[in-house]
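These notes are about the structure you will find just below.
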Amino acid sequence: MLFAAAPLAATAQTTADSIAIRKLYDEALAHGQSYENLRYLTGQIGGRLSGSAQAEQAVQWGKVVMEKIGLDRVYLQEVMVPHWVRGAKEKAQVKGSKGKGLNLNVCALGGSVGTNGKLKAQVIEVQSLKELAALPADKVKGKIVFFNRPMNPLYVETGRAYGEAGDQRRSGAAEAAKRGAVGALVRSLSLAHDDFPHTGTMRYEDNVTKVPAAALSTNGADELSQLLKADPSLTVELEMSCQQLPETKSYNVVGEIKGSKYPEEIISVGGHLDSWDLGQGAHDDGTGCTQSMEVLRLLKATGLRPERTVRAVLFMNEENGVRGGTKYAELAKAAGEKHLAAMESDGGGFTPRGFSIEAEPATVRKVQAWQPLFRPYGSGEFVAGHSGTDIEPLKEQVKALIGYHCDSQRYFDIHHTAADTFDKVNRRELELGGASMAALIYLISKYGL
């Protein structure tokens, strides 16, 4: 009899958890609010670049939404953020030896300096930072370096391809300037072939000349590459009016439900409230913000009060500084808070697949033991791996960092572009994702790590 009791208890426990999780999914699918919240955020506020008036509007919106949920506490965390502005729409034109011009679809990379009028120079194409470093100085000096390495299409996980190709966007301008170049053009980080340029952050280095940097659409990159083969002496004329303004005050938005048994143990779930300015910031990362708030609403609506404190955080400034995530971790440490886990949704609002876990092997195995409960909903892929940018500063303060994973095949088609709009989001996919996040948060709250 003693030996039979354990499996019976485990079965009863599993059944109870399955019923609770079903309640979360039922509520999300029948009455979910992520989609309508996202409709307002994207349609009434739009793109929310740090330091902008829209970012400030989004802060107040997030606070109001969480107050309406009826949480135990809603508050703001002050954080200073960079304030970069794009200015007038960028222009770029190819001019060949015969004087004919061809317009290119470009956008400034976030943080770039402007061109101070028109910048005109010959172009040299490279596939990597390593190839640039190997070129003789006279081949680069006075030219615009064109980084044309595409994302690797052979990876099923598109985030891996994005990460590998990202060094040219982040560091290309600085490395080009070291060799005497006057500017940088970077192939957009996308597997799609279209005319949308993809912005994204780039970094300058101290004591290195700051040169303008722009992203070129994938179609434009292919075309420029072909033109260079026919006429290596062609020039590109680039015009950008972007500038860096003084830092400004902004906020993280935080709401929480106090734990019924272990209120001192905190589980955070969040997305980043800021976005790039070209589109509406729908998938990046309006979906993550609305899903994170929905986690708390689902727990309240179903009566599944968490045993540990659950906190939703709308982080400010992930895109060009991670100031919000850093400040959140600093304040948590200073307050002596005990963070059990932190979850982030920043991969879009597509069909749920599962979660990645950064933790000690024993903790990863404990979370993976819950996989069967998620398989009926298509979100049962639990793997060890990277979690997210905004929660990374918490790494030394938590037992586990968790990244929400959804289907990634369409994400980088619209990532950081004017095409990242509300109409690209599917209601059921979005609400299913929020339910998946709520289910895992519920289990962590009940059993700990």
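Because the structure is a prediction, the values reported are computed rather than measured. For the single chain, residues carry numbers from 1 onward in sequence order. Side chains are part of it too, since the values below use all heavy atoms of this structure and drop only hydrogens, waters and symmetry mates.
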Shortest non-hydrogen separation from Ala215 to Leu109 and the atoms involved: CB-CD2, 3.7 Å
Within-4.5 Å side-chain heavy-atom neighbours: Lys446 and Leu304: no
Would you say the rings of Phe350 and His283 are close, in the sense that their centroids are separated by under 6.0 Å? yes
Locate the shortest heavy-atom distance separating Met343 from Phe355; write the atom from each residue and the value. CE-CE2, 3.8 Å
Residue of the set Arg305, Arg311, Lys258 for which salt bridge (Lys or Arg N to Asp or Glu O under 4.0 Å) holds with Asp72: Arg305
Answer yes if the side chains of Ser345 and Gln291 hold a donor-acceptor pair under 3.5 Å, and no otherwise. yes
Rounded to the nearest 0.5 angstrom, the CG-CD distance for Leu340 and Glu265 is 5.5 Å
Whether the side chain of Glu256 engages the backbone of Thr309 through a donor-acceptor N/O pair (distance < 3.5 Å, no angle test) should be reported. no
Measuring centre to centre across the rings, with the benzene-like ring taken for any Trp, is Phe374 within less than 6.0 Å of Phe382? yes
Do the rings of Tyr35 and Phe422 sit parallel, tilted or perpendicular, given the 30° and 60° boundaries? tilted
Got a sec: does the CD of Glu36 have more than 12 other heavy atoms crowding it under 6.0 Å? yes
Within the distance-only criterion (no hydrogens, no angle test), does the side chain of Asn317 pair as donor or acceptor with the backbone N or O of Arg323 below 3.5 angstrom? yes
Mind telling me whether Trp61 and Tyr40 have parallel, tilted or perpendicular rings, with 30° and 60° as the class edges? parallel
Taking atom CG of Asn320 and atom CZ of Arg203, what is their separation to the nearest 0.5 Å? 12.5 Å
CZ (Arg375) with more than 12 external heavy atoms under 6.0 Å: yes
Donor-acceptor pair, side chain of Ser356 and main chain of His386, under 3.5 angstrom: yes
What I want to find out is whether Arg22 reaches Asp26 closely enough, with some N-O distance under 4.0 Å, to be called a salt bridge. yes
So SG of Cys406 and CE of Met437: to nearest 0.5 Å the spacing works out to 10.0 Å
For the OG atom of Ser128 and the CZ atom of Phe147, what is their distance to the nearest 0.5 Å? 8.5 Å
For the backbone of Val126 and the side chain of Glu131, can you confirm whether one donor and one acceptor N or O come within less than 3.5 Å of each other? no
Between the main-chain N or O of Gly288 and the side-chain N or O of Ser292, is there a donor-acceptor pair closer than 3.5 Å? yes
Show your reasoning for whether side chain to side chain contact (heavy atoms under 4.5 Å, CB included) applies to Lys249 and Met80. CA-CA 5 Å; Lys249 185 190 300 183; Met80 296 301 292; 3.9 Å; yes
Could you tell me whether the side chains of Asp423 and Thr421 share a donor-acceptor contact shorter than 3.5 Å? yes
Which of Thr389, Asp346, Asp390, Asn252 passes side chain to side chain donor-acceptor pair (under 3.5 Å) with His272? Answer is Asp346
Using 0.5 Å steps for rounding, measure from the OG1 atom of Thr290 to the CG atom of Leu430. 4.5 Å
Does a salt bridge link Glu330 with Lys327, judged by any charged N lying under 4.0 Å from a carboxylate O? yes
Starting from the C-alpha separation in whole Å, work towards a yes-or-no answer on side chain to side chain contact (heavy atoms under 4.5 Å, CB included) for Glu337 and Gln397. CA-CA 9 Å; Glu337 292 180 344; Gln397 301 179 53; over 6 Å; no
Heavy-atom nearest pair, Asn148 first then Gln127, reads O-OE1, 3.3 Å
Using 30° and 60° as the class limits, which term best fits the ring planes of Phe412 and Tyr162: parallel, tilted or perpendicular? parallel
Is the shortest side-chain N to carboxylate O distance from Glu27 to Lys23 below 4.0 Å? no
Between Gly183 and Ala176, what is the shortest heavy-atom contact and its length? O-CB, 4.4 Å
Using only atom types and a distance under 3.5 Å, with no angle test, would you say the side chain of Glu318 pairs donor to acceptor with the backbone of Asp274? no
Side chain Ser436, main chain Leu432, donor-acceptor under 3.5 Å: yes
